[in-house]
Amino acid sequence: EGVRRFVHLSSASVHGDALPRMVTEDQPYASIPHPYIETKIAGELLVKHAHGAGRMETTILRPVHVYGPGSTFVRELLARLRARHRVVLSGVTGGFPAVYVENLVDAIEAASASPGAPGRVFFVTDGLEISWREFVAAFASAHGIEWNRRAVPFRAAYAAGAMCEA
């Protein structure tokens, strides 16, 4: 008789640029006018309503940067590294929380089976505290790409970008 449990894949972006270690799952949504964020929030609200109305057990998963074979993120990063576009901004604060696609699948399976999951929201990461620079270095090394680790200071890159837009 219908669906008993529903696992909804949302995104950590419902909190804007805040990283999972900076916010908790129960903090208010970001109030950033962006279609992607707005639709993720709307989806979560529908799922929460279905759970609250007793129509089905629901769990919301908020993965962060998902990577793995075939992902758009991986293809774009690989293309940039192979084209020797190797600029990484320094001065960017915070880590780079990511989740490998197989680990995300494990989280989906766990949420669908765990008796403690219904009605809850979970961030999904690999649990590693690494910087963007460390992630790119490991990614480049894994793909046999010699990566130039020189960085452009954030303010200089921001100023250059502003001049390009003028």
Sub-4.5 Å side-chain heavy-atom contact between Val136 and Leu81: yes
Value rounded to 0.5 Å, distance of CG in Leu61 from OG in Ser11: 11.5 Å
Reported CG-to-CD1 distance for the pair Leu46 and Ile41, which is rounded to 0.5 angstrom: 12.5 Å
Between side-chain atoms of residues 96-111 and protein atoms elsewhere (two or more places apart, or another chain), which donor-acceptor pairs fall under 3.5 Å?
residue	atom	partner	partner atom	Å
Asn103	ND2	Asp126	OD1	2.7

Heavy-atom closest pair, residues Ser10 and Pro63: O-CD, 3.5 Å
Interatomic distance, His8 atom NE2 to His51 atom NE2 [nearest 0.5 angstrom]: 14.5 Å
Side chains of Glu57 and Arg4 in contact at under 4.5 Å (non-hydrogen atoms): yes
Test item: Ile60 and Phe122 side chains (from C-beta on) under 4.5 Å apart, heavy atoms: no
Hydrophobic cluster identity match, Val7 and Val66, side-chain contacts under 4.5 Å: yes
Atom of Val14, atom of Lys40 and distance for their closest heavy-atom approach: CG1-CB, 3.7 Å
Exercise: identify the closest heavy-atom pair between Met56 and Val3: CB-O, 3.7 Å
With Phe139 via ring-ring contact (aromatic ring centres under 6.0 Å, His included) - residues at least two apart: His143
Hey, can you pull the donor-acceptor pairs under 3.5 Å for the side chains in residues 25-34, sequence neighbours left out?
residue	atom	partner	partner atom	Å
Glu25	OE2	Phe123	N	3.1
Asp26	OD1	Thr24	OG1	2.4
Gln27	OE1	Thr24	N	2.7
Tyr29	OH	Glu44	OE1	2.7
Tyr29	OH	Lys48	NZ	3.1
His34	ND1	Tyr36	N	3.1

Sequence neighbours excluded, every pair satisfying side chain to side chain donor-acceptor pair (under 3.5 Å) that has a member inside residues 70-79: Thr72-Arg75
Mutual orientation of the aromatic rings belonging to Phe135 and Phe73 [parallel < 30°, tilted 30-60°, perpendicular > 60°]: tilted
Arg55: partners by side-chain hydrogen bond (donor to acceptor under 3.5 Å, both in side chains), with sequence neighbours left out: none
side-chain contact (heavy atoms from CB on, under 4.5 Å) assessment of Arg5 paired with Thr58: CA-CA 6 Å; Arg5 185 175 292 186; Thr58 67; over 6 Å; no
Set of salt bridge (charged side-chain N to carboxylate O under 4.0 Å, His left out) partners for Arg120, sequence neighbours left out: none
Beyond-backbone contact of His15 with Arg62, side-chain heavy atoms, under 4.5 angstrom: yes
